[in-house]
Structures are given as structure tokens and as C-alpha cells.
Amino acid sequence: MTVAASHLLEVEDLHVEFGQGRDTASVLNGVGYHVDEGETLAVLGESGSGKSVTAQTVMGILDTPPGRITGGSVRFRGEELLGADPERRRMLRGESMAMIFQDALSALNPVYSVGFQIAEQFRFRRGMSRKDAMARAAEMLDLVRIPNAKQRVREYPHQFSGGMRQRAMIAMSLALDPELLIADEPTTALDVTVQAQIMELLDELRRERGMGLILITHDLGVVAEVADRIAVMYAGRIVEHTDAATLYAHPGHPYTRGLMDSVPRVDDVAGAALRPIPGLPPSLSAIPPGCPFHPRCAHAEDVCAAEVPLLRELGGDHQAACHFAERFVAEDPDRPTTHEVVSR
Amino acid sequence: MSEPILQVRDLVKHFPVTRGVVFRRTIGHVRAVDGVSLDLHPGETLGVVGESGCGKSTLAQVLMRLTPPTSGTATFEGQDLFAKRGADLTAWRRDMQIVLQDPYTSLNPRKTVGDVVGEPFDIHPEVAPKGDRRRRVQELLEVVGLNPEHIRRYPHQFSGGQRQRIGIARALALRPKVIVCDEPVSALDVSIQAQVLNLLSDLQREFGLAYLFIAHDLGVVRHLCDRVAVMYLGSIVETGTAEEIYTRASHPYTQALLSSVPVPDPSLRGRREAIRLEGDVPSPADPPSGCRFRTRCPKAAPVCAEDPPALEVRDGTDHPAACHFAAPPHLVRAD
Ligand SMILES: Nc1ncnc2c1ncn2[C@@H]1O[C@H](COP(=O)(O)OP(=O)(O)OP(=O)(O)O)[C@@H](O)[C@H]1O
Ligand SMILES: Nc1ncnc2c1ncn2[C@@H]1O[C@H](COP(=O)(O)OP(=O)(O)O)[C@@H](O)[C@H]1O
Ligand code: SF4
Ligand code: SF4
Ligand SMILES: [Mg+2]
Ligand SMILES: [Mg+2]
């Protein structure tokens, strides 16, 4: 047996809680995923499913307290990061892994010029002079296609449009040439025409630099256009994982199918019906026993309320955490599901 | 076709841009809505789509009489909307209601759900006599799929989707003929969004409502709307039936917008036509001359900087678009 080479990033069985006693919220309940160089892993899930908390734990920027990491492992090129020396983690942030956020305006400091904020990293991490660092910052802005980068490098965040601020954030995160970029809903606040520009830019930079990209989003359209592999999250767990083509054509988890049936598409025929998932996601301080999705699932049987379904192998790097995943994968995806049993 | 219930002509709303604290001077105007005309027919849904800041919410505010127009006219059932005063105005308010985007801030946190939904009855006691209130409110909660037992709960005890239902119940209280929906599902997760969209369709069928449905999500609009108006920088650049807009868009902006929407189907990756616009939307305080879209338009020609194109049907197209070179999609180059 050969020893598998370690992934660029590997997260395993991650557990995170917030709060105390009866109010304890189990926010992550065994999250695991991995990403390799040059590929895009999309983490797909609705709000509150734990996408950002996972990313913050990976980056080592989760607020503890109130958060508590109660188990699991985060390895970067095989090196365990949970419990690692804070100095080592600071070094890795920026140099090896970087993150961009949904709200670029609040992530940028309003009182410094955009260029100054990018240049800081070159000065403190690379020991460059102020002048050289500003010149490098302008190059970075040019790389992310900000017009007149040489002039605009001295402007302040409020002088940039939403799309330009997100470009500036990307420039800042790429300054030290990280091998892994985590983009947490990078286009959610942007208009579609600008979103399309930013997604294309990210995809190109990933390809050119051979970076691993973790794209966090709730948008099934964005995911379908760029992801190599997709991990679907629900109530702090990965409930399904596979490559993009397989996930959309043969979802094995009723929640994944439910999401797809809920999206109104521009290319739908007129009058196509939406089939929403009934009910609401659970409170994380009172996750239902057994399958956390069972109160909303049209296929639930007795076993679903009793036993937590673990991720099952469905063949060809496809896993789903549903007791009956094999059956759903085999079904014709165009056949209407029983989701019409909606409690409206 | 029936007479329009709401008819809007050349509507303009400019906001002054001022400078100075003691001596406030007006140094310009934000042309938030700049010459909008539209018709809404009884029982239909007209979608208004466009990117952030193009004037959708301002249009809604003016039509709801929440802010006065700068110029232009609007009629409701043939009567001048902006001339309504006193009892006439109060009576009209029963007929036209609004549902807002943000289910988190559009409800008063100190009022119970019963108070919020029953509030319109305070202003219009003729609709529900005092003794009948509670029953009417519970009926409304049931109509929008909420538990009538929860009448004494406060908004924070509900999820985003449920709060949006409360807003819809309040809008329905007076049995309006028209509901203006300003991004009613934008803040919701996709599984909850689908529940609320289905609810809106069901209510329309049941009560014969007309919706003026404002949204930036083109998938949502495709789903719900009979006709669509596309806005850019305060003006309507293209309008038609949903079928015309989604399958035969003839304005370069609409075409770019549609091609930018990601489709949840990996098998179409790289096979869809991609029209990528450069840059961002210009400031509505200083819009470009001629055609507003020319600074980002892949088809712009010198004439576009001179003559503002009229919103009209041109040769080879079957619905109005404000472009000198309006043409069906396949005649537009992909890059
Ligand atoms: N009270 C106001 N004073 C000055 N400018 C305003 C005011 N209200 C709106 N505007 C400006 O008018 C323009 C149109 O705004 P509006 O809110 O109607 O846009 P919108 O299409 O609803 O955008 P969104 O999709 O972001 O909701 C914007 O440039 C906005 O900044
Ligand atoms: N600092 C915090 N304190 C308490 N709860 C938190 C904190 N950060 C996140 N949470 C909770 O953790 C859960 C997952 O959050 P998050 O990872 O941000 O979700 P998302 O998938 O939307 O990114 C949510 O229920 C959220 O309320
Ligand atoms: S395990 Fe049961 S409840 Fe959970 S998704 Fe599968 S069928 Fe539904
Ligand atoms: S009029 Fe000119 S600039 Fe305007 S949309 Fe048509 S081609 Fe483009
Ligand atoms: Mg998040
Ligand atoms: Mg608005």
C-alpha cells in the first residue's frame, strides 16, 4: 500500500460550538473536506449552515471565545494547524493561505489608501521600501484589472465602486502569493454583471497561479459555472460531496435535490413550478436527532429520526449522508420529486 | 386587453445633491428616476429589473405616494394619483399596498404580529369592525401559511421567511388591488425564497391581485412575471412579455444581463454565450450623454453619444427597446 500524498488542505471531522449549557449551539458537527493545488472546491449551503465558521477555523481567525473548537483536524500540506504555535499560524496567513470576504468595504480600512493597505504587506513581510512597496501595490491593482492602477493606488476605499473594492481585496489577498485562497461569498453583494467579471478574474488567477480555491457560496448558479468539486453543507455537516457534473445530474441527498428544485432559473420555461423544501433549517441548539434534515424530508422513514446517517460511498468519489442515498442517485433527476408535499 | 389599473407616464424623480452645512447649495441632481412610463393591468405581474441604484425603489416610493415626483403623471383606475388628497387619498391607500425587501427591519420589533397585521384596520375601521379584528388577523395569518395561534408573538420570534409572510399578510389586510413588491425575496435563502414565491403566486390567483414586482434576480422575475421592464440608470431600456425579454432580448444591456446570470447546470459550462460588460454603472448624478448605456455597451457607435434612443419597436424586433441598433440576440457578437 502506498502512502497517499497529503492534500494542500485537509479538514477532518471538525467540531465547533458556541454558547454555554442549554444554549450551546453545535455549529460544526464533523465537517471534512480537502482541496488540492489548482482546483476549485465549492462549499455550498444556506445561511447559518457553518460555511464561514469552517473557513475561519481553517484560517485561524475564529473568535475563541465565544467559539470553541471541540474536535477535529486542519492540515496544510500535512502540517496540523489546530493547536499550532500562533506565530506559525500568523506566518502562514497571507504567505500560504489567504481569505476574501463578502463585504469588501468593511474589510478595508477607510482611513488608509487602498494602495497603502496592499503595500503594508510588502513592507512588513518582504522588507521593501515604502516606494517600492507602493509600486508593487500598483502592479497588484493592475493584475486585478483596475483601470489606471498607477493613479488609483492612492485613492481611498470609498472612492472605489463595489466591484473595484472586491478587486482590491483580491489584490491584497494575493500579494504574498498564497497557495490557497478562501473566497467567502465574494460576489454576494455585487450586481450580476460585476459578479461575472469577478468570478472570471478569480478563475483566471487560480489557473495562472495554480492556487487551490475554496469558494463559499449559497448560489447554485455560480457553483455550477466554476466548481471542480462541491461540498454541500447542512446544519454544520457536509451532507453531500462529489464533482460538479455528478452533483447536479445525480444528487444523492434529498436536501441537495431540494435546493435544485427551489432555484428559479432564467432558462426555465414559462410557468415551471418551484418545488420548495418545506419548513426551516433547524436551530443549532436543538438539532433534530437522527438525520438533521428529517423534519423537512419527504422521504423520511422511521430510521431517519433514530440514526444519524453517515457519509456513504456512492462510487466514483461521491458521498452523501442519507440512509437511502443509493436509491436517490439511481433515480432519474428529471422526474418530479415528492417535494410538493409542502406545508404552506 | 383590459384597461390598465395603474398607468405611469414620463415619471421623473430627481434628488438634489447639496453641499455646505450653513449655506446649503444645490450642486446637482441624482436622476434616480428619469422618464419612466409603464402600464399595469388588473391581475397581472409586471417585473421591474435592473442593477443596484437604477431607481427601482425610488419608482416604488413615488408610486406609493411616499415621496413626491419631480414631474410626470400616474393614474390609478383612471384617476390622477398625485392629485389625491384627504379622504380620497385614504381610500386609495386601501387599494395599493407595498411589501418591502428587508424582513428584518420592515417590522416594528415592539409590536406583536397581531398588531402589525391588524394595524391597517386602525386606519380603515370600515374593513374590519373592532369585534371582528382578531378573527380577521388570524384568517390572514392562515392565508400566508403562518400559525394563527402565534398572533401574540413578536417579529424576532420568527425567521426571515416567516417575517416576509407577516409583511405580506399586512399588505393583504385591506384587500388591495395592487401590491408593489420591492425585492420581497432578496434577503431569503433559496429554499425559503421558493416558499414565498409560491405563496405570492397562489395569492394572486386567489385574490386577482396585480403585482408591480421589483427585483434584481432575473430568475425570480422569469418565474413570476407576465411582462418585464428592464431599467438602467433611471430609465426603462426594454420592455415586453416575459417570453419576449427572456428569449428575444434586443437591447445590448438586457442581453448582457441575461448572459451574466449563472445557470445552475454544469453541463452548459462554456456553452452559453457570454457578454461581459466593462466597468460599473456610472453615477446617476452625472449620467452619460445620448444613450445612458453607451459607456459599457459593446455595440456603441458615435451616434449613441449624441442621440438618446427612444423606447420603441424597431425593424426586426417585436417589442420596444431603447437602442438605435436593437436586434435579436444572435446578431450580437459574443465578445
Ligand atoms: N433620498 C435620496 N437622496 C438622494 N439620492 C437618493 C435618495 N434615494 C435614492 N437615491 C439615489 O437614487 C438612485 C436610485 O436609488 P434606488 O434606491 O431607487 O435604486 P434601486 O434600483 O432600488 O437599487 P437597489 O437594487 O440597490 O435597491 C441611487 O443612485 C440612489 O443613491
Ligand atoms: N461569533 C459567533 N457567536 C455566536 N454564534 C456564531 C458566531 N459566529 C457564527 N455563529 C453561528 O454559527 C452558525 C454558522 O454560522 P456561519 O458559519 O457564519 O454560517 P454561514 O454558512 O452562513 O457562513 C450560525 O448559527 C451562526 O449564528
Ligand atoms: S436520511 Fe432520511 S431524512 Fe435524512 S435525507 Fe435521507 S431520507 Fe431524508
Ligand atoms: S443606443 Fe448605442 S450605446 Fe445605446 S445600447 Fe444601443 S448600441 Fe449601445
Ligand atoms: Mg457566511
Ligand atoms: Mg431598492
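In the text below, chain A, chain B and the rest are named by the order of the sequence lines, each starting its count at 1.
Contact tally against chain B (heavy-atom pairs below 4.5 Å) for A/Gln197, A/His218, A/Met199: the top residue is A/Gln197. Most heavy-atom pairs under 4.5 Å with chain B, from the set A/Pro281, A/Pro264, A/Gly162: that is A/Pro264. In terms of heavy-atom pairs under 4.5 Å with chain B, the best-connected choice from A/Val263, A/Val194, A/Leu280, A/Leu259 is A/Leu280. Residue with the most contacts toward chain A among B/Ser260, B/Gly270, B/Pro266: B/Pro266 (heavy-atom pairs, distance under 4.5 Å). Chain B forms more heavy-atom pairs under 4.5 Å with one residue of A/Val192, A/Leu220, A/Thr193 than with any other, namely A/Thr193. Listed options A/Pro147, A/Ala227, A/Gly48 were ranked by heavy-atom pairs under 4.5 angstrom with chain B; first place goes to A/Ala227.
Both the backbone and the side chain of B/Leu277 come within less than 4.5 Å of a heavy atom in chain A. Heavy-atom distances place no part of B/Ser267 under 4.5 Å from chain A, backbone and side chain included. For B/Leu224, no part sits under 4.5 Å from any heavy atom of chain A, backbone or side chain. The contact between B/Gln162 and chain A is made entirely by side chain atoms (from C-beta outward), counting heavy-atom distances below 4.5 Å. Contacts between A/Val223 and chain B at a heavy-atom distance below 4.5 Å involve the backbone alone (N, CA, C, O).
Comment: A/Glu200 engages B/Arg276 in a salt bridge, judged by a side-chain N to carboxylate O separation of less than 4.0 angstrom. Using a 4.0 Å cut-off between charged nitrogen and carboxylate oxygen, B/Asp182 and B/Lys56 do not count as a salt-bridge pair. We find that B/Glu243 and B/Arg227 are not joined by a salt bridge, their nearest charged nitrogen and carboxylate oxygen being 4.0 Å or further apart. We find that B/Glu51 and B/Arg296 are joined by a salt bridge, their nearest charged nitrogen and carboxylate oxygen being less than 4.0 Å apart. Taking the charged nitrogens against the carboxylate oxygens, A/Glu225 and B/Arg272 do have a contact shorter than 4.0 Å, which makes a salt bridge.
Partner of A/His241 under the side-chain contact (heavy atoms from CB on, under 4.5 Å) criterion, chosen from A/Asp317, A/Leu314, A/Ile230: A/Asp317.
Taking the six-membered ring where tryptophan is involved, the planes of A/Phe328 and A/His299 are tilted, since the angle between them lies from 30° to 60°.
Relative to the six-membered ring of A/Phe160, A/Arg152 meets both conditions, a distance below 6.0 Å and an angle of at most 45° to the axis.
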